**Q** 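Dropping the structure in here first, questions after.
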Amino acid sequence: MNDQVLTILKGCLLALLYLFLLRVIIVVARELRGTPVAATPAPPPAPARSADTGVRSDPDRAFVLTVREPETRRGEQLVVRGEVTIGRGGGCALALPDDTFASNLHARAFVRDGRLFVEDLGSTNGTMVNNARIETPTRLRKGDRLVVGQTLLEVGK
């Protein structure tokens, strides 16, 4: 082959190598910044009196999420009043550092109008409620099963 052709091929190979390294650096930088946080919803309206019963709804009612799997964490409980986050990151209310399938900031559970909801925060592997992947904030009821990464949580009151 001609020396000029070999020089061009070497240049192309170097360019591809540098593009690959640039792509690796971009992916690592994004991972170090963490998962983007979804916008928080508007605060719930003030508790209103129910016309037929005269009972006030309690938006700050507490709910309990109990870990069912993995076996090593079985029985751990997370009390949800207001809003909590779940994920691999240390700043989460329920930190799952050993769950490699959970994102740093995977999901959030929050109470709105006296009901418990869960929302996926753009996690890589998604959040499941009763074996169905959720895309929007989803209401949780007693007995529902929530899967974050490889961690199974059960809803209680």
Side-chain angles (χ1 to χ4, degrees), residues 15-50 53 55-157:
L16 286 174
L17 180 63
Y18 283 121
L19 287 174
F20 172 75
L21 289 175
L22 178 65
R23 179 69 178 147
V24 168
I25 290 170
I26 290 170
V27 168
V28 169
R30 282 185 186 158
E31 184 66 27
L32 288 176
R33 276 185 285 200
T35 307
V37 178
T40 56
R49 286 186 135 326
S50 175
T53 63
V55 177
R56 293 180 65 94
S57 65
D58 184 9
D60 295 324
R61 183 203 238 151
F63 293 87
V64 177
L65 296 175
T66 305
V67 176
R68 296 294 176 214
E69 291 177 13
E71 191 67 34
T72 57
R73 296 189 70 166
R74 175 171 276 193
E76 284 185 34
Q77 293 187 332
L78 173 65
V79 177
V80 182
R81 285 187 185 90
E83 179 179 328
V84 297
T85 54
I86 304 167
R88 203 173 60 224
C92 293
L94 179 59
L96 309 169
D98 298 332
D99 190 342
T100 58
F101 286 88
S103 296
N104 286 328
L105 192 57
H106 195 102
R108 74 180 184 111
F110 58 97
V111 178
R112 183 185 296 158
D113 296 329
R115 296 180 176 135
L116 179 63
F117 290 84
V118 66
E119 177 181 24
D120 185 80
L121 296 177
S123 65
T124 303
N125 295 315
T127 302
M128 309 278 281
V129 174
N130 297 326
N131 297 321
R133 187 175 179 145
I134 63 169
E135 302 295 330
T136 59
T138 303
R139 182 177 176 197
L140 297 174
R141 293 174 176 80
K142 185 176 181 179
D144 280 352
R145 295 174 152 269
L146 171 66
V147 178
V148 174
Q150 290 184 322
T151 303
L152 173 64
L153 304 158
E154 188 173 308
V155 179
K157 288 191 180 185

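Reckoned from all heavy atoms, side chains included, excluding hydrogens, waters and symmetry mates. Given the structure is predicted, the values throughout are model-derived calculations rather than measurements.
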**Q** Nearest 0.5 Å, please: how far is CG in L146 from OG1 in T138?
**A**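 Spacing of OG1 (T138) from CG (L146) equals 9.5 Å.
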
**Q** Determine whether L116 and V80 make a side-chain contact, defined as any pair of heavy atoms from C-beta on separated by less than 4.5 Å.
**A**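 Yes - at least one pair of side-chain heavy atoms lies under 4.5 Å apart.
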
**Q** To check you understand the geometry: which heavy-atom pair defines the closest contact between L105 and C92, and what is its length?
**A**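 The pair with the smallest heavy-atom distance is CD1-SG, 3.8 Å.
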
**Q** So, taking the atom named CD in E69 and the one named CZ in R145, what distance separates them when rounded to the nearest 0.5 Å?
**A**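 One gets 7.0 Å once the value is rounded to the nearest 0.5 Å.
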
**Q** Taking C-beta and beyond as the side chain, do I86 and L65 meet within less than 4.5 Å on heavy atoms?
**A**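 Heavy-atom side-chain distance check passes, below 4.5 Å.
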
**Q** Once salt bridge (charged side-chain N to carboxylate O under 4.0 Å, His left out) is applied, what residue pairs with a partner in residues 85-106 remain, sequence neighbours excluded?
**A**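 For residues 85-106: E31-R88.
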
**Q** Can you see which heavy atom on A102 is nearest to which on L96, and at what distance?
**A**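 So the minimum-distance heavy-atom pair works out to CB-CD1, 4.3 Å.
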
**Q** Is there a side-chain contact between N125 and S103 in this structure, where contact means two heavy atoms from C-beta onward sitting under 4.5 Å apart?
**A**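 Sidechains of S103 and N125: no contact.
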
**Q** If we only count heavy atoms from C-beta on, is the H106 to D120 side-chain gap below 4.5 Å?
**A**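 Yes, their side chains come closer than 4.5 Å.
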
**Q** How would you list, by chain and number, every residue that makes a side chain to side chain donor-acceptor pair (under 3.5 Å) with N130, sequence neighbours excluded?
**A**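 Per chain and number, N130 pairs via side chain to side chain donor-acceptor pair (under 3.5 Å) with D144.
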
**Q** As an exercise, state the distance from CG of L17 to CG of L22, rounded to the nearest 0.5 Å.
**A**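 Separation between the atoms: 11.5 Å.
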
**Q** I need the single residue from Q77, R68, K142 that forms a side-chain contact (heavy atoms from CB on, under 4.5 Å) with E154. Which is it?
**A**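 Testing each of Q77, R68, K142 against E154, the sole residue satisfying side-chain contact (heavy atoms from CB on, under 4.5 Å) is R68.
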
**Q** What are the two closest non-hydrogen atoms of R73 and A95, and how far apart are they?
**A**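 Where R73 meets A95 most closely, the heavy atoms are NH1-O, 2.9 Å.
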
**Q** Indicate the atoms forming the closest heavy-atom contact of A93 with V84, along with that distance.
**A**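 Looking at all heavy atoms of both residues, the shortest contact is CB-CB, 3.7 Å.
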
**Q** Judged by atom type as modelled, is there a donor-acceptor pair below 3.5 Å linking the side chain of R139 to the main-chain atoms of F117?
**A**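 Absent.
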
**Q** Any side-chain heavy atom of R81 within less than 4.5 Å of one from V111?
**A**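 They are not in contact (no side-chain heavy atoms under 4.5 Å apart), so the answer is no.
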
**Q** For V147, check side-chain contact (heavy atoms from CB on, under 4.5 Å) against everything at least two apart and list the hits.
**A**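 With neighbours one apart ignored, the set is M128, L152.
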
**Q** Which distance, rounded to the nearest 0.5 Å, do you find between the CD1 of I26 and the CG of L21?
**A**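 Output value for this atom pair is 11.0 Å.
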
**Q** Can you find a heavy atom in the side chain of P70 that is under 4.5 Å from one in the side chain of T151?
**A**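 P70 reaches T151 side chain to side chain.
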
**Q** At what distance, to the nearest 0.5 angstrom, does OG1 of T127 lie from CD of E135?
**A**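 One finds 9.5 Å between OG1 of T127 and CD of E135.
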
**Q** Quick one, V155 with L153, criterion side-chain contact (heavy atoms from CB on, under 4.5 Å). Give me CA distance, side-chain angles, the key distance, then yes/no.
**A** CA-CA 7 Å; V155 179; L153 304 158; over 6 Å; no

**Q** Return the CZ to CG distance between F110 and L140, rounded to the nearest 0.5 Å.
**A**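 One finds 9.0 Å between CZ of F110 and CG of L140.
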
